[in-house]
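The structure appears right after this line, and notes come after that.
No experiment lies behind these values; they were computed from the predicted model shown.
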Amino acid sequence: MSGEVLHPMAYFSDNKNISGKVKVVSSLMDMNEWTNSAPTASQKEAGSAFMPDLSAYSYSHIDADVDFKEILYGNHKVKNLKGLATLGIENVDVKSFSMNMDGSDLAFNGKLANVYSWMTGQGVLNGDLNVQAGKLDANAFMSKSSDVPVQEEEVLFKVPADVNLQMNADIEQLKYTNMTLDRFSGKVLVQNQVIYMTGLQAGTLGGKIGFDGLYDTSTDSPAFNVKLNLDKMEFNKAFNQFITMKALAPVAQYINGVFNTTLVMEGKLGKGMLPDLSTLTVSGFIETLNGIIKGFAPLAAAGDKLGLKEVSQMEIKDTRNWFEVKNGVVEIKEFTKNISGIDVKGLGKHKLGGDMDYQFDLRIPRKMLSKNVVTGTAMKGLGLLEKEASKLGLNLAQGEFIDVRLTIGGRIKDPKIGIKPLGTSGKSMEQELKDEVKIKAAQARDSITKVVQQKKEELKDTLRSRAEQEVDKVKQKAEEKANEVLNEAKDKVKKEVENKLDTLVGKTVSDTLKKKAEEVIKNKTGKDIDDLKNKVKDWNPFKKKKGGG
């Protein structure tokens with residue numbers, strides 16, 4: 001250790017502005033020799049009470065240069081710790097700091113304020129730090145010491161109330177729990193017992209993660225509120241990595257493919273810093289870019305009964321499904337999609353870890369069922385449907401498509417399948433929807449035409465009445481001049497009114513037809529999907545928390 005003290009005589013003045021330089025170099029420092037155990041909370045409080053009064057030295061500072069080859073502290077091993085900083089009583093300016101802790105590289109720079117006041121329990125620690133790392137294993141910092149018993153309910157991390165820190169992170173590879181995040185970056189703000197995370201992004205599982213949210217410990221029940229974007233993620237990998245994925249979408253383990261999802265999620269945290277599923281609410285959508293459902297017992301059983309491989313191993317592509325989780329129930333909103341040549345209209349729900357209740361209306365091309373007649377049996381495929389249809393008094397002999405209702409209940413590994421023929425159709429669901437939109441539009445056009453004609457007649461009557469009034473006025477002055485003025489007034493008013501009328505009518509027809517078409521489609525999809533879209537689009541938990549802080 002070496003150093004120097006500048007202005008030592010300032011010690012005897014009222015303004016003790018002492019400065020200095022110190023350089024510390026060590027090949028090995030064993031911190032365990034300095035303390036036998038970690039201080040208790042009462043020891044920390046007592047220690048702060050007996051800290052020397054350094055308030056008179058608030059303008060003093062020391063330029064520190066440290067270089068430690070190895071530091072031992074508890075079960076941790078720190079190597080190559082180097083730092084340059086200006087240390088003041090209240091302010092610390094870290095110009096550079098780097099170390100390797102338990103195999104993780106870590107570096108940061110930035111500023112801290114109110115250090116002494118914070119250490120004496122009389123102020124809030126403020127700071128703005130930039131954190132960089134190559135490979136960082138966050139699990140090493142979260143591990144519990146083997147000689148300090150920790151109750152399970154104590155695993156929850158309590159954000160200190162007297163800390164106000166902003167951190168910008170840029171980490172090449174971050175390990176957290178069972179996940180490896182590449183090129184992790186974003187901003188973290190610690191304030192009023194809340195951790196705010198904005199613009200967090202990383203690559204993982206062959207895709208990308210975008211994350212914004214908060215972790216709130218200002219109450220006795222820690223809570224979270226986040227918006228999550230997963231881009232081009234693989235179903236199987238996501239199922240194995242994300243605990244919430246296992247609960248929300250257990251079917252994901254049977255899908256080979258890639259998906260996107262955007263969702264907003266809030267709830268309470270339980271033991272082990274994991275979401276308490278009983279408090280979880282989620283709104284969002286999942287978009288399957290490509291995939292095949294294989295080995296999923298409900299579809300396998302249904303496909304076997306229908307004699308359709310297209311159902312047993314369903315290929316899904318470019319599908320988007322809106323969903324909501326509330327009161328322990330996952331609900332998939334109604335959707336219509338052509339899957340593997342079969343029109344599917346579906347909706348349903350399942351309890352988290354419980355029974356399913358799904359309904360799918362299938363419009364199956366007859367030729368798809370007919371091709372399996374030779375190899376099928378009377379109790380499978382078309383034979384099964386015809387037999388069930390006869391019980392219901394239905395005739396399936398006509399129609400290009402056969403409508404079938406598939407219901408799925410029970411558990412994934414012990415499903416209860418129901419197959420019920422509904423009749424036959426000559427059109428696909430998509431064509432039916434288009435035709436219905438055309439019919440509604442035509443009805444709207446006819447209705448508008450009648451209204452427009454009625455308005456025209458009303459305007460003509462108004463125009464005629466107005467012209468007659470003008471005639472009476474002008475007659476009082478001069479009959480001939482009145483006729484001339486009247487004709488001009490008629491032409492001018494008529495042209496203006498008719499031009500305005502044509503413009504208003506044209507716009508009214510266009511706008512009304514558009515609204516009617518949207519209304520038909522909305523009736524098909526449900527207005528609740530618009531509500532979900534608004535929840536995802538307008539999500540912002542930060543404004544309320546920050547404003548109320």
Check: Between the main-chain N or O of N290 and the side-chain N or O of T288, is there a donor-acceptor pair closer than 3.5 Å?
Finding: no
Next item on the list: Start with the C-alpha gap between I195 and V188, add the side-chain angles, then the distance that decides, and say whether side-chain contact (heavy atoms from CB on, under 4.5 Å) holds.
Entry: CA-CA 7 Å; I195 297 178; V188 178; 3.7 Å; yes
Checklist line | Heavy atoms from other residues, nucleotides or ligands near NZ of K95 exceed 12 (cutoff 6.0 Å) | finding: yes
Note to self: Would you say that more than 12 heavy atoms from the other residues, nucleotides or ligands in this model lie under 6.0 Å from the CD of E172, or not?
What the structure shows: no
Checklist line | Closest approach of L165 to N126 (non-hydrogen atoms, all atoms of both residues) | finding: CD2-C, 3.9 Å
Notebook entry, point to check: Could you give the distance from OG1 (T281) to CD (E324), rounded to the nearest 0.5 Å?
Noted result: 8.5 Å
Next item on the list: Verify whether one side chain among D102 and S104 offers a donor that lies under 3.5 Å from an acceptor in the other.
Entry: no
Margin query: Go through it in stages, so that I can follow the logic: the residues are E234 and L205, the test is side-chain contact (heavy atoms from CB on, under 4.5 Å), and I'd like the CA-CA distance, side-chain angles, deciding distance and then a yes or no.
Written below: CA-CA 7 Å; E234 294 184 35; L205 307 180; 5.8 Å; no
Next item on the list: Give a yes or no on whether the backbone of K175 and the side-chain of T180 come within a donor-acceptor separation of less than 3.5 Å.
Entry: no
Notebook entry, point to check: Quick one: CG on N321 to CD1 on I316, what's the gap to the nearest 0.5 Å?
Noted result: 8.0 Å
Next item on the list: Check whether any side-chain heavy atom of L129 lies under 4.5 Å from a side-chain heavy atom of Q166, and answer yes or no.
Entry: no
Next item on the list: Check whether any side-chain heavy atom of Y196 lies under 4.5 Å from a side-chain heavy atom of K187, and answer yes or no.
Entry: no
Notebook entry, point to check: Out of L263, L277, V282, which residue meets the side chain to side chain contact (heavy atoms under 4.5 Å, CB included) rule with V325?
Noted result: V282
Item checked: Value rounded to 0.5 Å, distance of CD1 in I209 from CD in Q201 -> 11.0 Å
Notebook entry, point to check: What's the spacing between D355 CG and K416 NZ if we round to 0.5 Å?
Noted result: 6.5 Å
Next item on the list: Evaluate side-chain hydrogen bond (donor to acceptor under 3.5 Å, both in side chains) for D170 paired with S185, printing each intermediate quantity in order.
Entry: CA-CA 5 Å; D170 188 359; S185 63; 5.6 Å; no
Next item on the list: Take atom NZ of K246 as the centre, draw a 6.0 Å sphere, and report whether it contains more than 12 heavy atoms from other residues, nucleotides or ligands.
Entry: yes
Next item on the list: May I ask you to say whether K345 pairs ionically with D343, meaning some side-chain N is under 4.0 Å from a carboxylate O?
Entry: no
Item checked: Minimum heavy-atom distance F323-I286, with the two atoms named -> CE2-N, 3.9 Å
Notebook entry, point to check: Looking only at atom types and distance, does a side-chain atom of T217 sit under 3.5 Å from a main-chain N or O of Q193, one as donor and one as acceptor?
Noted result: yes
Next item on the list: Go through the steps for L112 and V94 under the test side-chain contact (heavy atoms from CB on, under 4.5 Å), then give the verdict.
Entry: CA-CA 8 Å; L112 298 173; V94 181; 5.6 Å; no
Check: Under 3.5 Å, is there a donor-acceptor pair between the S117 and E90 side chains?
Finding: yes
Note to self: A side-chain contact here means heavy atoms from C-beta on lying under 4.5 Å apart; do L406 and Y358 qualify?
What the structure shows: no
Next item on the list: Could you check if a side-chain atom of P275 sits within less than 4.5 angstrom of a side-chain atom of M265, using non-hydrogen atoms only?
Entry: no
Checklist line | Intermediate values then yes/no, side-chain contact (heavy atoms from CB on, under 4.5 Å), L81 and F97 | finding: CA-CA 7 Å; L81 186 151; F97 180 92; 3.8 Å; yes
Checklist line | Residues, nucleotides or ligands: over 12 heavy atoms within 6.0 Å of I243 CD1 | finding: no
Note to self: Quick one: does any side-chain atom of D212 pair with a main-chain N or O of G199 as donor and acceptor, under 3.5 Å?
What the structure shows: yes
Next item on the list: Work out which heavy atom in L136 is nearest to a heavy atom in I171; give both atom names and the distance.
Entry: CD2-CD1, 3.7 Å
Check: Atom CG in L181, atom NZ in K208: separation rounded to 0.5 Å?
Finding: 14.0 Å
Margin query: Within the 4.5 Å heavy-atom criterion, are I71 and K69 side-chain neighbours or not?
Written below: no
Margin query: Other residues, nucleotides and ligands only: do more than 12 of their heavy atoms fall within 6.0 Å of NZ on K337?
Written below: yes
Item checked: pair D65-V25: side-chain heavy atoms closer than 4.5 Å -> no
Next item on the list: Answer yes or no: does atom CH2 of W539 have more than 12 heavy-atom neighbours from other residues, nucleotides or ligands under 6.0 Å?
Entry: yes
Notebook entry, point to check: How far apart are the closest heavy atoms of R411 and G353, and which atoms are they?
Noted result: NH1-O, 3.3 Å
Notebook entry, point to check: What pair of heavy atoms forms the shortest contact from K349 to E331, and how long is it?
Noted result: CB-CA, 3.9 Å
Next item on the list: Identify the heavy atoms of E334 and L347 that sit nearest to each other, and give their distance.
Entry: CA-CB, 3.8 Å
Note to self: Determine whether a donor-acceptor pair (N or O, by modelled atom type, separation under 3.5 Å) exists between the side chain of N260 and the backbone of K232.
What the structure shows: yes
Check: Does NZ in K111 sit with more than 12 non-hydrogen atoms of other residues, nucleotides or ligands closer than 6.0 Å?
Finding: no
Checklist line | Reported CZ-to-CG distance for the pair R320 and L289, which is rounded to 0.5 angstrom | finding: 10.0 Å
Next item on the list: May I ask you to test the L248-L352 pair for a side-chain heavy-atom distance under 4.5 Å?
Entry: yes
Margin query: I'd like to know if the side chain of D216 reaches the main chain of S218, judged simply by a donor and an acceptor atom lying under 3.5 Å from each other, with no hydrogens or angles considered.
Written below: yes
Margin query: Tell me which one of F242, Y254, F296, F259 satisfies ring-ring contact (aromatic ring centres under 6.0 Å, His included) with F235.
Written below: F259
Check: Do the side-chain N and O atoms of N229 and T262 include a donor-acceptor pair separated by under 3.5 angstrom?
Finding: yes
